[in-house]
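Input: a single structure, listed below in structure tokens.
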Amino acid sequence: MAAVAVFAFTALYIADRELARSPALALLRYGLWAVGGATLIALTLALVHERRLTRRVAERSAELERLSAELLRANRAKSEFLANVSHELRTPLNAIVGFVDLLRDGVYGELQPRQVGPVQRIEASALHLRHLVDQVLDLAKMTAGRMEVHTEHLDLRPFVLDVATEVEPLANERGLTVSMAIPASLPRLRTDPSHVRQILLNLLSNAVKYTTDGGIAVKGRVVSGEDAAPPSLPPDGIWVALSVSDTGIGIAAADCERIFDEFEQVNAGPRGDSVRRGTGLGLSISRRLARLIGGEITVESEVGRGSTFTVWLPVDPVDAKAALLRASGQVAAILR
Ligand code: ADP
């Protein structure tokens with residue numbers, strides 16, 4: 001702006017010298033000086049204003065930086081506090097669960113018939129509380145960036161069958177069928193099995209929890225970039241899409257995203273029902289875990305008809321190729 005002022009002033013000076021040669025143009029000369037003077041004052045005021053604005057922006061930026069650092073510090077302190085408290089809660093909770101187990105098994109003498117119910121209630125509540133504490137601990141770890149990933153080779157078919165056996169008794173109890181379609185030709189995964197197990201268990205137990213009639217189907221398929229992988233994943237990747245479908249209550253389209261937020265529940269069971277009540281943390285943790293191992297979780301659902309949750313697990317191109325070769329029998333041909 002100072003350069004503009006200097007330039008304008010020089011132009012004014014040159015014009016004035018030209019006009020000064022003719023006395024008849026004196027009026028024009030004075031007018032020119034008046035306009036020049038007013039422009040100079042306006043430019044000076046604009047310059048002062050601009051300086052003031054720049055200073056204010058710098059002050060605001062410094063304040064924002066300070067606030068953001070404070071927020072980060074507070075968030076870290078919250079996560080550490082949660083992690084410590086959860087850790088401290090686990091020990092006595094484990095003791096309660098253990099002793100209730102012994103009580104129920106009659107180690108301290110046969111329970112009276114009227115004592116069985118309350119002991120079962122104590123056990124269910126303690127297990128629910130321990131599950132909640134475990135989930136809060138997981139969430140705190142992930143927020144603090146302290147959740148580790150231990151990658152191993154994973155053969156999906158036996159793995160899924162093994163995880164499914166954990167929820168089968170509960171599904172049978174509720175009269176639900178469990179079907180499995182995991183082709184043996186699926187590529188081997190390089191991933192953290194404990195994280196995949198946690199995700200799958202959560203999806204399966206939700207499917208059981210929110211279904212009263214019908215059944216649950218687990219399917220696995222390979223999806224490459226050109227097919228329908230979710231947009232949040234790299235388009236050139238290869239994925240194993242592992243889906244858990246149920247014929248349960250379903251989820252309204254408007255709720256399909258918010259159920260992945262922490263403590264969001266759409267159809268929480270009654271407070272006393274610790275089986276259906278849930279915590280509202282399972283899906284949030286599952287999605288974070290899926291992203292931690294380079295994948296994603298998506299959902300498709302229709303109210304009253306059921307839901308399909310899909311976990312997308314990345315496949316190494318080498319493993320994808322090996323699986324293809326295996327499937328087409330070329331490996332046998334090469335070995336011969
Ligand atoms: P919760 O412990 O409440 O099950 P989640 O985070 O696992 O917590 O699930 C969040 C919410 O998503 C649930 O409260 C429920 O409303 C909805 N939800 C999850 N899975 C299903 C499903 N298979 N069918 C219908 N609703 C589901």
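Order of listing sets the numbers, starting from 1, for every ligand and every atom in it.
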Q. Any side-chain donor-acceptor pair under 3.5 Å between His150 and Glu148?
A. yes

Q: Would you mind listing which atoms of ligand 1 come within a distance below 4.0 Å of any non-hydrogen atom of Leu283?
A: 5 (P), 6 (O), 7 (O), 9 (O), 10 (C), 12 (O), 19 (C)

**Q.** For Lys209, the ligand 1 atoms whose distance to one of its heavy atoms is below 4.0 Å
**A.** 1 (P), 2 (O), 4 (O)

**Q.** Phe309 near ligand 1 by a heavy-atom separation under 4.0 Å
**A.** yes

**Q.** Minimal non-hydrogen separation, Val244 against Ala207, with atom names
**A.** CG1-CB, 4.0 Å

Q) Based purely on interatomic distance, does Ser284 place a nitrogen or oxygen under 3.5 Å from a nitrogen or oxygen of ligand 1? A) no

Q. If you measure every N/O of Gly282 against every N/O of ligand 1, is any gap under 3.5 Å?
A. yes

Q: Please report the shortest heavy-atom distance between Val299 and Cys256, naming the atom on each side.
A: CG1-O, 3.7 Å

**Q.** Gln135 side chain to Leu132 backbone, donor-acceptor under 3.5 Å
**A.** no

Q. CG of Leu200 to CG of Asp162: how many Å apart, nearest 0.5 Å?
A. 10.0 Å

Q) Where does Ile251 meet ligand 1, judged by heavy-atom distances below 4.0 Å: at the side chain, the backbone, both, or neither? A) side chain

Q. Is the closest side-chain donor-acceptor distance between Glu296 and Ser232 under 3.5 Å?
A. yes

(Q) Taking 4.0 Å as the limit for heavy-atom contacts, which would you say applies to Leu281 with ligand 1: side chain only, backbone only, both, or neither? (A) backbone

**Q.** Electrostatic pair Asp138-Arg288, nearest N-O below 4.0 angstrom
**A.** no

Q) Counting both backbone and side chain atoms, is some N or O of Gly250 under 3.5 Å from an N or O of ligand 1? A) no

Q. Looking only at heavy atoms, is any part of Asn202 under 4.0 Å from ligand 1, and if so is it the side chain, the backbone, or both, or is it neither?
A. side chain

Q. Going by heavy atoms, is Gly248 under 4.0 Å from ligand 1?
A. no

